Student: 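Structure provided below as structure tokens; questions to follow.
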Protein chains: 2
Amino acid sequence: MIDRSSDRPLYQQLADLLREQIKAGELAPGAFVPSESSLMQEFALGRPAVRNAVSVLRQEGLVVSARGARTQVRPALERSVVELRPGDEVVGRMPTDPERRELGIDPGEPILEVTRADGQQQIFTAGAHQLRVVG
Amino acid sequence: MIDRSSDRPLYQQLADLLREQIKAGELAPGAFVPSESSLMQEFALGRPAVRNAVSVLRQEGLVVSARGARTQVRPALERSVVELRPGDEVVGRMPTDPERRELGIDPGEPILEVTRADGQQQIFTAGAHQLRVVG
DNA sequence: CTTGATTTGTACGTATGTATT
DNA sequence: AAATACATACGTACAAATCAA
């Protein structure tokens with residue numbers, strides 16, 4: 001599974017394996033990702049490589065981790081529809097850490113900044129919202 | 001500067017300091033962030049704490065790092081305007097690592113998925129694009 | 001309710017590789 | 001060619017939160 005002679009870093013190889021399992025549904029939304037110690041043992045990797053691999057998936061928004069609890073595959077959440085109208089503008093970016101804590105945003109979750117035609121600005125979490133243009 | 005008795009993790013404190021310098025313009029776009037070893041010495045921190053701090057800023061899209069070169073504050077790039085029309089829909093998310101490599105996207109850069117009224121789908125890097133709704 | 005085991009987070013150190021300057 | 005700088009990867013230790021007995 002892990003090829004130590006490959007050019008691809010070990011943690012990326014592990015991240016690739018887990019990502020494929022998530023995409024294939026073998027690790028379903030809400031399912032627990034194997035613990036760090038399990039992964040260390042199963043793939044004969046050190047803790048840095050394992051943590052780095054899970055970190056990659058967290059940054060991709062595929063899993064969520066919390067201290068003391070098992071890491072799990074992020075459940076696909078329902079997206080509220082936000083209506084856009086002519087003159088509205090949208091940019092996307094990652095929130096800063098203070099913003100994340102203030103707004104309660106998970107790591108790996110971008111935000112969408114909507115500037116309305118009248119100048120008002122709104123911020124939406126990307127994972128829970130879908131923008132739709134209406135006439 | 002760094003308070004070891006604080007509840008806030010050391011790497012977060014350092015990330016906070018650097019982020020403030022970036023926001024204040026003391027670290028201007030394109031400027032070099034002090035090297036890891038400088039930061040280790042200046043703030044009496046170990047390598048993991050320093051690397052973790054810079055990693056936070058990279059995930060926020062505020063700095064870009066490359067092997068062998070100094071980490072620098074990400075220059076604000078020009079945003080091409082993408083026009084949205086009635087019936088179009090937009091969602092935002094982080095790209096997976098394979099997507100990032102294929103499309104040449106920097107870490108900490110979200111993508112915007114635009115689904116046109118006719119069903120066609122387009123992907124834009126968030127940092128370089130701005131969506132505008134036209135009648 | 002408390003205890004103990006498990007799990008992730010934080011933080012230290014070290015070594016080596018690789019790309020840039 | 002040499003020095004610098006970041007990336008990868010190993011190990012260890014302790015803290016803090018969760019969960020199950």
Side-chain angles (χ1 to χ4, degrees), chain A residues 1-18 27 30-59 62-74 97 100-101 104 106-108, chain B residues 1-18 27 30-74 97 100-101 104 106-108:
Chain A
M1 301 293 191
I2 300 282
D3 177 9
R4 293 193 95 95
S5 70
S6 166
D7 279 345
R8 189 145 175 81
L10 302 181
Y11 76 90
Q12 289 283 14
Q13 292 184 49
L14 177 55
D16 291 344
L17 287 174
L18 294 173
L27 281 174
F32 290 117
V33 175
S35 71
E36 291 179 0
S37 42
S38 306
L39 293 172
M40 285 170 65
Q41 207 166 11
E42 181 176 357
F43 295 98
L45 294 172
R47 195 163 184 223
V50 168
R51 283 189 61 77
N52 214 338
V54 176
S55 170
V56 166
L57 301 178
R58 202 163 36 233
Q59 288 165 45
L62 298 178
V63 304
V64 287
S65 302
R67 177 182 256 169
R70 302 275 305 267
T71 296
Q72 54 181 358
V73 179
R74 179 189 279 186
D97 183 80
R100 281 207 302 104
R101 283 182 299 139
D106 282 335
Chain B
M1 304 293 192
I2 299 283
D3 177 8
R4 295 194 93 95
S5 69
S6 166
D7 280 345
R8 189 147 174 80
L10 304 180
Y11 76 91
Q12 289 283 13
Q13 292 185 48
L14 176 54
D16 291 343
L17 287 173
L18 294 173
L27 280 174
F32 291 117
V33 175
S35 72
E36 291 179 1
S37 41
S38 307
L39 293 172
M40 285 171 64
Q41 208 165 12
E42 181 175 356
F43 296 98
L45 294 173
R47 182 172 298 274
V50 168
R51 282 191 60 78
N52 215 338
V54 176
S55 170
V56 166
L57 301 177
R58 200 162 39 232
Q59 288 165 43
E60 294 174 358
L62 298 177
V63 304
V64 287
S65 302
R67 176 181 260 171
R70 307 263 316 254
T71 296
Q72 55 180 359
V73 180
R74 178 189 278 186
D97 183 79
R100 281 207 301 104
R101 284 183 300 140
D106 282 335

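Labels below follow one simple rule: chain letters A, B, ... track the order of the sequence lines, proteins then strands, and each chain is numbered from 1. Keep in mind that what you see is a predicted model, and the values were worked out from it rather than measured.
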Student: Can you check whether Y11(A) has a side-chain N or O nearer than 4.0 Å to OP1 or OP2 of dT8(D)?
Tutor: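 Yes, Y11(A) has a side-chain N/O under 4.0 Å of OP1/OP2 on dT8(D).
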Student: Taking atom C1' of dT8(C) as reference, at what distance in whole Å does atom CE of M40(A) sit?
Tutor: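 Taking CE of M40(A) and C1' of dT8(C), I get 13 Å after rounding.
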Student: Got a second to check how far R8(B)'s CZ is from R101(A)'s CZ, nearest 0.5 Å?
Tutor: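 The CZ atom of R101(A) is 3.5 Å from CZ of R8(B), to the nearest 0.5 Å.
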Student: Does a nitrogen or oxygen in the side chain of T71(B) sit under 4.0 Å from OP1 or OP2 of dA5(D)?
Tutor: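 Answer is no, no contact under 4.0 Å.
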Student: Please determine, for the side chain of E36(B), which listed nucleotide (dA11(C), dA7(D), dT8(C)) has the closest atom?
Tutor: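 Given the options dA11(C), dA7(D), dT8(C), the side chain of E36(B) is closest to dA7(D).
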Student: Tell me: CZ of F43(B) to C1' of dA11(C), nearest whole Å?
Tutor: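 Rounded to the whole Å, the gap is 17 Å.
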Student: Both D7(A) and P48(B) contact DNA chain C. Which one's nearest nucleotide lies toward the 5' end?
Tutor: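 It is P48(B) whose nearest nucleotide is closer to the 5' end.
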Student: Base, sugar-phosphate or nothing for R8(A)? Non-hydrogen atoms, less than 4.0 Å.
Tutor: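 Nothing: the residue R8(A), judged by heavy atoms under 4.0 Å, touches no strand.
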Student: Please tell me which of V33(B) and G46(A) maps to the more 5' nucleotide of DNA chain D, matching each residue to the nucleotide holding its nearest heavy atom.
Tutor: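 Whichever sits nearer the 5' end wins; that is V33(B).
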Student: What is the distance from CZ of R4(B) to P of dA15(D), rounded to the nearest Å?
Tutor: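 These atoms are roughly 14 Å apart.
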Student: Whole-Å distance between dC12(C) P and L39(B) CG?
Tutor: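 In whole Å, dC12(C) P and L39(B) CG are 13 Å from each other.
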Student: Under 4.0 Å between any heavy atoms, over every strand shown, what does G68(A) touch: base, sugar-phosphate, or nothing? Just pick one.
Tutor: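 Counting heavy atoms under 4.0 Å across all strands, the contact made by G68(A) includes a base.
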Student: P9(B) near the nucleic acid: base, sugar-phosphate alone, or nothing, with a heavy-atom cut-off under 4.0 Å?
Tutor: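 Since only primed, P, OP1 and OP2 atoms lie under 4.0 Å of P9(B), the category is sugar-phosphate.
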Student: Can you tell me the base-pairing partner of dA17(D)? Count Watson-Crick or G-U wobble geometry only, both distances below 3.5 Å, and say none if there is no partner.
Tutor: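 Base partner found: dT6(C).
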Student: Could you tell me if S37(A) and Q41(A) have a donor-acceptor pair between their side chains, going purely by distance under 3.5 Å?
Tutor: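 Note: Q41(A) and S37(A) side chains miss the donor-acceptor criterion.
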Student: So what does R67(B) touch, heavy atoms closer than 4.0 Å: a base, only the sugar-phosphate, or nothing?
Tutor: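 Result for R67(B) = base.
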Student: Using atom CZ of R70(A) as one end and atom C1' of dA16(D) as the other, report the distance to the nearest whole Å.
Tutor: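 To the nearest whole Å, that distance equals 18 Å.
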Student: Assess whether side chain to side chain contact (heavy atoms under 4.5 Å, CB included) is satisfied between V33(B) and R70(B), documenting all intermediate values.
Tutor: CA-CA 7 Å; V33(B) 175; R70(B) 307 263 316 254; over 6 Å; no
Student: Quick one, L39(A) with E36(A), criterion side chain to side chain contact (heavy atoms under 4.5 Å, CB included). Give me CA distance, side-chain angles, the key distance, then yes/no.
Tutor: CA-CA 5 Å; L39(A) 293 172; E36(A) 291 179 0; 5.8 Å; no
Student: Any side-chain N or O of R51(A) under 4.0 Å from OP1/OP2 of dA11(C)?
Tutor: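 No, because none of the side-chain N or O atoms of R51(A) sits under 4.0 Å from OP1 or OP2 of dA11(C).
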Student: Is a donor-acceptor pair below 3.5 Å formed from side chain R47(B) to base dT10(C), judging by atom type as modelled?
Tutor: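 No pair found.
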Student: Looking at Q59(A), is its backbone amide N or carbonyl O close enough to the side chain of Q59(B) to form a donor-acceptor pair, meaning the two atoms are under 3.5 Å apart?
Tutor: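 It does not hold such a pair.
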Student: Please determine whether a side-chain nitrogen or oxygen atom of S37(A) lies at a distance below 4.0 Å from atom OP1 or OP2 of dT7(C).
Tutor: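 Result: yes.
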Student: CG of N52(B) versus P of dA7(D): gap in Å, rounded?
Tutor: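 Value for this atom pair: 13 Å.
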Student: Please give, in whole Å, the distance from dT18(C) P to L10(A) CG?
Tutor: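 After rounding, the reported distance stands at 13 Å.
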Student: Using 0.5 Å steps for rounding, measure from the CD atom of E42(A) to the CD1 atom of I2(A).
Tutor: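 E42(A) CD to I2(A) CD1: 9.5 Å, rounded to 0.5 Å.
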Student: If I take atom CG in residue L45(A) and atom P in nucleotide dC10(D), what distance separates them, rounded to the nearest angstrom?
Tutor: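 Answer to the nearest Å: 6 Å.
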